[in-house]
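Below is one structure; the comments refer to it alone.
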Amino acid sequence: MIFCVEDDASIRDIEVYTLKATGLDAIGLANAKELEQALKNEKPQLVILDIMLPDEDGISILKKLRMHSQTAEIPVIMATAKGEEFDKVQALDLGADDYIAKPFGMMEMVSRVKAVLRRSHPAEPSSVLEYQGIRLDRSAHCVWADGTALTLTLKEYNLLELLMENPGVVFSREKLLESVWNMDFSVETRTVDVHIRTLREKIGSYSDCIETVRGVGYRLQQL
């Protein structure tokens, strides 16, 4: 749940609407009093907090949030007046996780919210990746295709893991060298092609799922 603390009803409503439209739960709150009451009922994932509020300014509210153990870790994005650098610096010094200057676009707001949520609530990577009939278990460091265990080299395994983590994403040969081999792209890139070829052979009927993007590199087909 995201709390949008904004006294302007039209801005508040569009903030809540946009967040919900992008798959996030959100409620709008008009002032410090409503925020205080809402916090008694629920601890939000994040608060978007306007500095200019009618009953108590956002800087004062931020101080209170950071002072109490129950609310100290809640991520806060401050909505500041455009060009008011003092407000931005003060908010960050007091523990705000980010700020956004008014007037701001709704997509910018969503982008900042998601970035702060990623930093403050990092997702635990799943131990198992699955793609069609391919199953990769990180904890066991094993791969199966239609239930049959595959014998992969370390680099083949790492290549497959990276592609399965990012279906639809095109990786250049240089990026694959950097990510899998930890090598500078000045190193011969043909080694990537060789490992992709042997990986395709080993995954058998799923070989066509690894696409060659001409002139760029490789990707795993988006399901």
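Just so you know, residue 1 is the first one in the sequence shown, and it goes up from there. What you are looking at is a predicted structure, and each value in this text was computed from that prediction instead of being measured.
- Scanning both residues, Ala91 and Leu62, for their nearest heavy atoms gives O-CD2, 3.5 Å.
- No chain of hydrophobic side-chain contacts below 4.5 Å, direct or via other Ile, Leu, Val, Met, Phe, Trp or Tyr residues, connects Val216 to Leu177.
- Of the possible polar contacts, none joining the Ser207 side chain to the Ile203 backbone as a donor-acceptor pair under 3.5 Å is found.
- Annotation for Met67: atom CE does not count as buried by contact number, only 12 or fewer foreign heavy atoms lying within 6.0 Å.
- For the ring pair (Phe, Tyr, Trp, His ring centres under 6.0 Å) test, residues two or more places apart in sequence or in another chain that qualify with Tyr157 are His141.
- Leu117 CG to Lys114 NZ: the interatomic distance, rounded to the nearest 0.5 Å, is 9.5 Å.
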Can you give the donor-acceptor pairs under 3.5 Å from side chains of residues 18-26 to other protein atoms, not counting sequence neighbours?
| from | atom 1 | to | atom 2 | distance (Å) |
| --- | --- | --- | --- | --- |
| Thr18 | OG1 | Ile14 | O | 2.7 |
| Thr22 | OG1 | Thr18 | O | 3.2 |
| Thr22 | OG1 | Leu19 | O | 2.9 |

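- Checked options Leu136, Asp137, Leu150; the residue passing with Trp144 is Asp137 (criterion: side chain to side chain contact (heavy atoms under 4.5 Å, CB included)).
- Of all non-hydrogen atoms in Leu162 and Ser179, the two that sit nearest each other are CD2-CB, 3.9 Å.
- Side-chain contact between Cys4 and Glu6 is absent, with no heavy-atom pair separated by less than 4.5 Å.
- For Glu73, the CD atom sits in a loose shell: 12 or fewer heavy atoms of surrounding residues, nucleotides or ligands are nearer than 6.0 Å.
- For Leu159 against His195, the heavy-atom pair with the smallest separation is CD1-CB, 3.6 Å.
- Val16 belongs to no hydrophobic cluster with other residues, because no ILVMFWY side-chain heavy atom falls under 4.5 Å from its own, directly or through intermediates.
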Open item on the list: Between Tyr99 and Ile77, is the side chain to side chain contact (heavy atoms under 4.5 Å, CB included) condition met? List the steps.
Closed with: CA-CA 5 Å; Tyr99 67 85; Ile77 297 177; 5.6 Å; no
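- Minimum heavy-atom separation, Ile51 to Thr80: CD1-CG2, 3.5 Å.
- Hydrophobic clustering of Ile, Leu, Val, Met, Phe, Trp and Tyr side chains at less than 4.5 Å, counting indirect connections, keeps Ile11 apart from Val110.
- Applying the salt bridge (charged side-chain N to carboxylate O under 4.0 Å, His left out) test to pairs two or more places apart or on separate chains, those with a residue in residues 44-69 are Asp50-Lys102, Glu56-Lys64, Arg66-Asp97.
- Here the CG-CZ distance, from Leu129 to Arg138, works out to 4.0 Å after rounding to the nearest 0.5 Å.
- Annotation: salt bridge (charged side-chain N to carboxylate O under 4.0 Å, His left out) contacts involving residues 191-215, sequence neighbours excluded, comprise Glu156-Lys202, Arg173-Asp193, Glu211-Arg219.
- In the hydrophobic cluster analysis, where Ile, Leu, Val, Met, Phe, Trp and Tyr join through side-chain heavy atoms closer than 4.5 angstrom, Ile2 is grouped apart from Val5.
- Looking at every heavy atom in both residues, Leu220 comes nearest to Met164 through CD2-CA, 3.8 Å.
- Although no hydrogens or angles enter the test, the distance criterion places no donor-acceptor pair under 3.5 Å between the side chain of Arg135 and the main chain of Glu130.
- Considering only heavy atoms from C-beta on, Cys209 comes within 4.5 Å of Gln132 through its side chain.
- Between the side chain of Tyr218 and the main chain of Leu176, no donor-acceptor pair closer than 3.5 Å is present.
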- [ ] Mind running side chain to side chain contact (heavy atoms under 4.5 Å, CB included) on Trp181 and Asn158 for me, showing each step along the way?
- [x] CA-CA 9 Å; Trp181 278 266; Asn158 291 341; over 6 Å; no
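- The shortest side-chain heavy-atom distance between Met106 and Tyr17 does not fall under the 4.5 Å cut-off.
- The line from CG of Leu65 to CD of Gln70 is 11.0 Å long, rounded to the nearest 0.5 Å.
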TODO: Take Ser10 and Asp8, measure what side chain to side chain donor-acceptor pair (under 3.5 Å) needs, and give me the verdict at the end.
DONE: CA-CA 6 Å; Ser10 60; Asp8 186 315; 2.6 Å; yes
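- No side-chain heavy atom of Phe171 sits less than 4.5 Å from a side-chain heavy atom of Glu178.
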For residues 34-48, run the donor-acceptor check on the side chains, cut-off 3.5 Å, and write out each pair with its distance to 0.1 Å, sequence neighbours left out.
| from | atom 1 | to | atom 2 | distance (Å) |
| --- | --- | --- | --- | --- |
| Glu34 | OE1 | Ala30 | N | 2.9 |
| Asn41 | ND2 | Gln37 | O | 3.4 |
| Gln45 | OE1 | Met1 | N | 3.1 |

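- We find the CE-CD1 distance between Met109 and Ile100 to be 7.5 Å, quoted to the nearest 0.5 Å.
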- [ ] Test Ile134 against Leu160 for side chain to side chain contact (heavy atoms under 4.5 Å, CB included), laying out the working first.
- [x] CA-CA 10 Å; Ile134 302 173; Leu160 182 61; 4.3 Å; yes
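- The 12-atom threshold is not exceeded at CE of Met52, counting heavy atoms of other residues, nucleotides or ligands nearer than 6.0 Å.
- Taken together through direct or relayed side-chain contacts under 4.5 Å among Ile, Leu, Val, Met, Phe, Trp and Tyr, Ile74 and Leu53 form part of one hydrophobic cluster.
- Grouping the Ile, Leu, Val, Met, Phe, Trp and Tyr side chains by contacts below 4.5 angstrom, directly or via other members, places Val180 apart from Val170.
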